[in-house]
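These notes are about the structure you will find just below.
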Amino acid sequence: MFKAARLFLLFLFLFCFSFPAFSSDDVYVAVSPGIAPCVEDIYSLFAGAGGGPIVFVKEATGPLAQKMDAGAPFDLLVAADPEWPAWLAERGKLAGLQKCADGHLVLWAENKESCSEEKLPALRIAAPDPETTSHGILAAGYLTSAGLWEEGLVSKKILISRNALHAVLAVQAGSADAALIPESLAIGTKGAYIRLAVPPISTVAGLNTAGASETARAFFRFLLSPEAAGVWKKWGFEPAGAPK
């Protein structure tokens with residue numbers, strides 16, 4: 001009985017401290033790190049037009065969705081993955097789900113020599129985790145179709161990273177030669193990249209059903225505005241535009 005109580009308290013402690021310290025005065029927007037530079041650029045326009053302050057929380061879509069499901073106070077989720085937001089909507093945690101734009105997977109490297117599909121079999125490749133990220137799923141599918149996935153995992157020439165940003169960091173640290181990442185992240189990162197012939201993936205957004213601030217609601221609308229469309233394009237996306 002005593003042991004069970006101790007285990008329960010340990011679980012409660014770990015659960016509570018799995019979240020960062022949130023303030024009730026702040027507006028939190030959860031965003032996938034691979035698309036964060038674009039979303040923050042859109043926010044700059046929003047703030048310049050009089051929009052209120054926002055705190056961005058950046059993590060892979062899967063963990064963000066799981067934390068939101070467990071009660072993390074994210075007012076708005078902007079995800080480079082339609083599946084996890086759909087899961088949250090089915091569980092009654094996310095409302096008003098809308099597609100913002102379609103994005104693309106690219107091969108990125110710090111130099112042009114390593115940025116080549118022909119050279120992939122000889123390269124060490126960093127890819128986001130396919131268990132928690134949509135671009136990881138795309139990367140795994142692309143490498144599988146190229147006949148490199150299984151062999152690469154065994155030979156450790158494929159490095160599974162926590163998310164797209166960590167894949168970039170792996171290359172910059174010398175642990176990999178190239179990375180499969182969202183085009184928006186490649187655009188904001190020094191180096192070379194090529195867009196890959198894989199289906200685009202939708203970036204979607206939705207509001208917390210437990211309550212979202214007016215600032216979050218206004219930013220949600222702004223993501224779908226004509227003003228934001230130009231920024232989506234600048235970062236390699238095909239904007240969806242305002243919902244009909």
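Fair warning: this is a prediction, and the values are worked out from it, not measured in the lab.
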Taking the side chain as every heavy atom from C-beta outward, state whether [X] and [Y] have any atom pair closer than 4.5 Å.
{"X": "V78", "Y": "T203", "result": "yes"}
{"X": "H104", "Y": "P182", "result": "no"}
{"X": "W149", "Y": "P130", "result": "yes"}
{"X": "L120", "Y": "L107", "result": "yes"}
{"X": "V106", "Y": "I194", "result": "no"}
{"X": "L207", "Y": "R217", "result": "yes"}

Exercise. Just do the side chain to side chain donor-acceptor pair (under 3.5 Å) check on T133 and T61 with the steps written out, would you?
Key: CA-CA 6 Å; T133 71; T61 309; over 6 Å; no

Compute the centroid of each ring, for [X] and then for [Y], and state whether the two points are separated by less than 6.0 Å.
{"X": "F56", "Y": "Y43", "result": "yes"}
{"X": "F237", "Y": "W232", "result": "yes"}
{"X": "Y28", "Y": "F74", "result": "no"}

Salt bridge check: are [X] and [Y] linked by an N-O gap of less than 4.0 Å?
{"X": "D41", "Y": "K234", "answer": "yes"}
{"X": "E131", "Y": "R162", "answer": "no"}
{"X": "E110", "Y": "K190", "answer": "no"}

Shortest non-hydrogen contact between [X] and [Y], atoms and distance:
{"X": "L76", "Y": "A205", "result": "CD1-CB, 4.3 Å"}
{"X": "P33", "Y": "E59", "result": "CD-O, 2.9 Å"}
{"X": "W108", "Y": "Q172", "result": "CH2-CG, 4.2 Å"}
{"X": "A228", "Y": "L223", "result": "CB-O, 3.6 Å"}
{"X": "E83", "Y": "D81", "result": "N-OD1, 2.8 Å"}
{"X": "K99", "Y": "A240", "result": "O-CB, 3.2 Å"}

**Study point:** Side-chain donor/acceptor of D177 to backbone N/O of R124, under 3.5 Å
**Key:** yes

- prompt: Step by step, would you call E214 with R221 a salt bridge (Lys or Arg N to Asp or Glu O under 4.0 Å)?
  reply: CA-CA 11 Å; E214 182 50 43; R221 293 190 294 270; 2.9 Å; yes

Where do L97 and L88 land on the side-chain contact (heavy atoms from CB on, under 4.5 Å) test, with the steps shown first?
CA-CA 10 Å; L97 203 60; L88 282 172; over 6 Å; no

Does NZ belonging to K157 count more than 12 external heavy atoms closer than 6.0 Å? yes

Practice task
Check whether more than 12 heavy atoms from other residues, nucleotides or ligands sit under 6.0 Å from atom CD of E227, and answer yes or no.
Solution key: yes

| said: Taking I181 as the starting point, is it possible to reach L159 by hopping between hydrophobic residues whose side chains are less than 4.5 Å apart? | reply: no

